[in-house]
Amino acid sequence: MKQDTSFDWHEPGLTIGQVAQRSGVSVSAIRFYEAQGLLSSDRTAGNQRRYHSDVMCRLAMIEACQRVGLTLAEVGGALAALPPGQAPTPADWDALAERLRTEAQSRIDRLNQVLRELAPPA
């Protein structure tokens, strides 16, 4: 008998194991991001973490920020504009994408300057 493996990506109250499985991010990384203030969770009476519906989107945003090379402090600043416990809106994604494009272009410009400085004299 085939088991139904479908699930709602925005299901409230996800355990840390569910978040790790669905996101591909390790449990230790999720705990680390939470300790850094990038993610939040509630605790059950048994002191188990339960993550809000926004956790999957926030993890995707963290990954996008890290791919551009933002520090965790910069990632925190980018995520601070989001309302807690709610999935980001399309406008939130657009604002983050613009910030990342600007940062990526700035880094490319700085690297091109270094390349020019390292070029042999003509």
(message) To check you understand the geometry: which heavy-atom pair defines the closest contact between Ala20 and Val27, and what is its length?
(response) CB-CG2, 3.7 Å
(request) Only pairs at least two apart or in different chains count here, so list each salt bridge (charged side-chain N to carboxylate O under 4.0 Å, His left out) that has a residue in residues 91-101. (result) Glu98-Arg101
(message) Using only atom types and a distance under 3.5 Å, with no angle test, would you say the side chain of Arg107 pairs donor to acceptor with the backbone of Gly69?
(response) yes
(request) Kindly give the heavy-atom pair with the smallest separation between Leu14 and Arg22, and that separation in Å. (result) CD2-NH1, 3.1 Å
(request) Can you run down the side chain to side chain donor-acceptor pair (under 3.5 Å) pairs that involve residues 112-122, sequence neighbours left out, and say none if there aren't any? (result) Gln113-Arg116, Gln113-Glu117
(request) List the atom of Leu38, the atom of Leu79, and the distance in Å for their closest heavy-atom pair. (result) O-CD1, 3.8 Å
(message) Checking Gln18 against Tyr51: is there a side-chain donor and acceptor pair closer than 3.5 Å?
(response) no
(request) Identify the heavy atoms of Cys65 and Val75 that sit nearest to each other, and give their distance. (result) CB-CG2, 3.4 Å
(request) Might you point out which heavy atoms bring Gln66 and Leu72 nearest each other, and give the distance in Å? (result) NE2-CD2, 3.8 Å
(message) Rounded to the nearest 0.5 Å, what separates atom CZ in Arg50 from atom OG1 in Thr15?
(response) 6.0 Å
(request) Please report the closest heavy-atom contact between Val68 and Ala104, naming both atoms and the distance. (result) CG1-N, 3.9 Å
(message) Using salt bridge (charged side-chain N to carboxylate O under 4.0 Å, His left out), reason through Arg67 and Glu63 one step at a time and then give a plain yes or no.
(response) CA-CA 6 Å; Arg67 288 179 60 208; Glu63 179 183 7; 5.3 Å; no
(message) If I take atom CH2 from residue Trp93 and atom SG from residue Cys57, how far apart are they, to the nearest 0.5 angstrom?
(response) 5.5 Å
(message) So Gln48 and Arg43, do their side chains get closer than 4.5 Å, heavy atoms only?
(response) no
(message) Against Ser41, only a single residue in His52, Arg31, Arg49, Glu34 fulfils side chain to side chain donor-acceptor pair (under 3.5 Å); can you say which?
(response) Glu34
(request) May I ask you to test the Ile62-Leu39 pair for a side-chain heavy-atom distance under 4.5 Å? (result) yes
(message) Between Met61 and Leu82, is there a side-chain heavy-atom distance shorter than 4.5 Å?
(response) yes
